[in-house]
Amino acid sequence: MDTVVSGIRPTGNLHLGNYFGALRNFIKMQNENNCYFFIADYHSLTTHPTPADLHGNVKSVLVDYLAAGLDPEKATLYLQSDLPETAELYLFLNMNAYLGELERVTSFKDKARSQPDNINAGLLTYPTLMAADIIIHRAQKVPVGKDQEQHLEMTRTFANRFNRLYHTEYFPEPVAYNFGEQLVKIPGLDGSTKMGKSEGEGNAIFLIDEPAVIRKKVMKAVTDSGPTEPNQPKPQAIENIFNLMKALSKPETLSFFEEEYNQCRIRYGDMKKQLAEDIIIFTDPLREKIREISADEKYLHRVVRLGKEKAHESASKTINEVREIIGFKAF
Ligand code: TYM
């Protein structure tokens, strides 16, 4: 049985990218593995949310986890901030993480460019906190989307460095995981290659979006005037619509529109209408459950308390052993 760890930053409700890149794998993995799925609320502090926003966003992710089918009896579902052992391990890992390598991380460079007034130390050390999240449970597998690949590489670097420094094989080498398939990258609706919360209005479809909103967003998705020759390669924005259809529609629907495209008969309006309906069918049951679970504060309280206990059991064992390895010994 493998130990599995993953988390999602609370920035609001989850979108289809989070679902297909991460959450869908969490649900599949919970039956046969020792799973720890958390809400990365420490990580979200890099963007300075207000206390009310932070709490609301944590709740949204928790509710989405449960509505999508994560079972708190099977997997350990917890808040990152309920596990101070993670913060302690983060401190240890930071002692052996070097400025040069942290500055070279793509997500850091992107953030430094997009928010030049807020290049804080938390952003720089984002990968060491993420490594701590993973190795605090000595995980082997980490279900994530394609954008997290480099962070997983850093995690392996930090875990190996710790092992080498202390002449131990204490930490396994965790790998980014998607059931033996390639890691997923769900595109945005605005022609960009990634669906994401911060990519701008209309780029992302959230699990909670109402049918009317979904139709509106999909119909607005960027397209062009269509191919002029048979079997023409697809421009990025068009490729994106096909990729969304691949994730959400039936294979025969996808092949129908592929053929239409290849024969230069494609009507993007029809394709988008179909895609919107398929997204609505997919999200319908989730929306219902999100509403129900969101209203059940007692249940949410129970889930979080249970998760905290179970996560603490695993993390405290690791941190005690790590302290011992480092040389913090009792007098
Ligand atoms: P975050 O919160 O940005 O995204 C959560 C998960 O959703 C995936 N994802 C996508 N997958 C495919 N296509 C997309 N368009 C898309 N957008 C988001 C991400 O790959 C991710 O799996 N650093 C992490 C959170 C984290 C974490 C961890 C993850 C903190 N500690 C430890 C794993 C293990 C992040 O910011 O993901």
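All ligand and atom numbering here is 1-based and tracks the order in the structure.
Distance from atom 23 (N) of ligand 1 to its nearest protein heavy atom, with residue and atom name: Tyr126 OH, 2.8 Å. With respect to atom 33 (C) of ligand 1, the closest heavy atom belonging to the protein is Ser6 OG, 3.4 Å. For atom 37 (O) of ligand 1, the closest non-hydrogen atom of the protein is Gln148 NE2, 3.5 Å. Looking only at protein heavy atoms, the nearest one to atom 1 (P) of ligand 1 is Arg9 NH2, 3.7 Å. Remark: minimum distance from atom 10 (C) of ligand 1 to any protein heavy atom is reached at Gly17 O, 3.3 Å. At the shortest separation from atom 4 (O) of ligand 1 among protein heavy atoms lies Asn18 ND2, 3.5 Å. The protein heavy-atom contact nearest to atom 12 (C) of ligand 1 is Val184 O, 3.3 Å.
A donor-acceptor contact under 3.5 angstrom links the side chains of Ser314 and His137, judged on distance only.
Comment: Glu149 engages Lys146 in a salt bridge, judged by a side-chain N to carboxylate O separation of less than 4.0 angstrom. Taking a cutoff of 4.0 Å between a charged side-chain nitrogen and a carboxylate oxygen, Glu239 and Lys185 do not qualify as a salt bridge. Looking at Glu321 and Lys317, a side-chain N of the basic residue comes within less than 4.0 Å of a carboxylate O on the acidic one, giving a salt bridge.
Residue Lys185 has no nitrogen or oxygen atom sitting less than 3.5 Å from a nitrogen or oxygen atom of ligand 1, judged on distance alone. Checked by distance only, ligand 1 and Ile186 come closer than 3.5 Å through their nitrogen or oxygen atoms. At a 3.5 angstrom cut-off on N or O pairs, Asp133 counts as close to ligand 1.
Under a 4.0 angstrom heavy-atom cut-off, Gly196 registers as lying outside contact with ligand 1. Close to ligand 1: His15, with a non-hydrogen atom less than 4.0 angstrom away.
Those atoms of ligand 1 that come under 4.0 Å of a heavy atom in Ile134, given as number and element, are 32 (C), 34 (C).
In this structure, Tyr78 has its ring center at least 6.0 angstrom away from the ring center of His312. Here Phe282 and Tyr19 bring their ring centres to under 6.0 angstrom of each other. Separation of the Tyr177 and Phe179 ring centroids falls under the 6.0 Å cut-off.
Note that OG of Ser255 is 11.0 Å distant from CG of Asn262, once rounded to the nearest 0.5 Å.
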